[in-house]
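Here is the structure we will look at, set down as structure tokens.
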Number of protein chains: 2
Amino acid sequence: MIKNKVKVFRVGNNWTQADLASQLNISRQAVISIEKYKYLPSLELAFKIAKVFNSQIEEVFYEEEE
Amino acid sequence: MIKNKVKVFRVGNNWTQADLASQLNISRQAVISIEKYKYLPSLELAFKIAKVFNSQIEEVFYEEEE
DNA sequence: TATCAATGTAACACCTACTTTACTAAATGT
DNA sequence: ACATTTAGTAAAGTAGGTGTTACATTGATA
């Protein structure tokens, strides 16, 4: 399973879900869905997310069993 | 635009598209479609691709203007 | 030239990422 | 208590990724 640290990064930057959504040009629901693992973002969106957090994709998304 | 070096890595390993496809458990057409930019792979598939090439996602996929 | 392996194209179907809208709920402050 | 902000759920729709099947093309080699 591919997990992520989106919420960790987001809260670390003091951003609300709406803040992050507008920076990514996606809906707030998309942010919620990613944080709550309702679905995996596309590769393109994963790139954008890593970018706004000044990180590599692997720092934000990572594989973990279970 | 998100480009990739899948073909470079694949040929570097002396793998045919069919070889790579079977290692990734996807169809040969999916490999073709990614190499020819018919579509972007999902994040999960991008992870698998980076893995079979013993690389980071950013080494295989990268953003480039135009 | 005939054959075979590797690569490519096209069409169809399916699933899922993502949007939009609307509503609920929890937390915080006044 | 009330209002506001933030987070969460749910349903319907659109777009695009992915699989499948079938056929075409190129290149190498016998």
Rounded distance in Å - [atom1] ([X]) to [atom2] ([N]):
X: A:Leu20; N: D:dA7; atom1: CG; atom2: C1'; value: 14 Å
X: A:Glu35; N: C:dA17; atom1: CD; atom2: C1'; value: 16 Å
X: A:Tyr37; N: D:dG8; atom1: OH; atom2: C1'; value: 16 Å
X: A:Ile32; N: C:dA26; atom1: CD1; atom2: P; value: 15 Å
X: A:Lys36; N: D:dT6; atom1: NZ; atom2: P; value: 18 Å
X: A:Lys7; N: D:dT6; atom1: NZ; atom2: C1'; value: 11 Å
X: B:Glu44; N: C:dC15; atom1: CD; atom2: P; value: 16 Å

Polar atom pairs (N or O), protein with nucleotides 13-15 of chain D, under 3.5 Å:
none

- request: Enter the inter-axis angle for the ends of the helix from C:dT1-D:dA30 to C:dT30-D:dA1 (five pairs per end, rounded to 10°).
  value: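 Axis-to-axis angle, ends of the helix: 30°.
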
- prompt: Mind checking whether B:Ile32 and B:Leu24 sit in one hydrophobic cluster, side chains of I, L, V, M, F, W, Y counted as touching below 4.5 Å?
  reply: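 Different clusters: B:Ile32 never reaches B:Leu24 through Ile, Leu, Val, Met, Phe, Trp or Tyr contacts under 4.5 Å.
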
Less than 4.5 Å apart, side chain to side chain, heavy atoms only: is that true for [X] and [Y]?
X: A:Phe9; Y: A:Ile49; result: no
X: A:Val6; Y: A:Leu20; result: yes
X: B:Tyr39; Y: B:Ile34; result: yes
X: A:Phe53; Y: A:Asn13; result: yes

message: Test side-chain contact (heavy atoms from CB on, under 4.5 Å) on A:Gln23 and A:Lys48; report intermediate values, then the result.
response: CA-CA 9 Å; A:Gln23 288 198 57; A:Lys48 287 185 192 168; over 6 Å; no

Exercise: do B:Gln56 and A:Gln56 side chains pair donor with acceptor under 3.5 Å: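 The answer is no; no qualifying pair exists.
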
field: Intermediate values then yes/no, side-chain contact (heavy atoms from CB on, under 4.5 Å), A:Asp19 and A:Asn14
entry: CA-CA 9 Å; A:Asp19 290 335; A:Asn14 256 326; over 6 Å; no

message: Would you say that more than 12 heavy atoms from the other residues, nucleotides or ligands in this model lie under 6.0 Å from the CD of B:Glu44, or not?
response: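 Not more than 12 within 6.0 Å, no.
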
task: State whether the number of non-hydrogen atoms from other residues, nucleotides or ligands found under 6.0 Å of A:Lys5 atom NZ is greater than 12.
output: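 Yes, NZ of A:Lys5 has more than 12 neighbouring heavy atoms, counting only those of other groups under 6.0 Å.
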
field: Spacing of CG belonging to A:Asn25 relative to CG belonging to A:Leu45, to within rounding of 0.5 Å
entry: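 Taking CG in A:Asn25 and CG in A:Leu45, the distance rounds to 10.5 Å.
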
field: Reading 5' to 3' through nucleotides 18-23 of chain C, protein heavy-atom contacts under 4.0 Å coded B for base, S for sugar-phosphate only, - for none
entry: BSBBB-

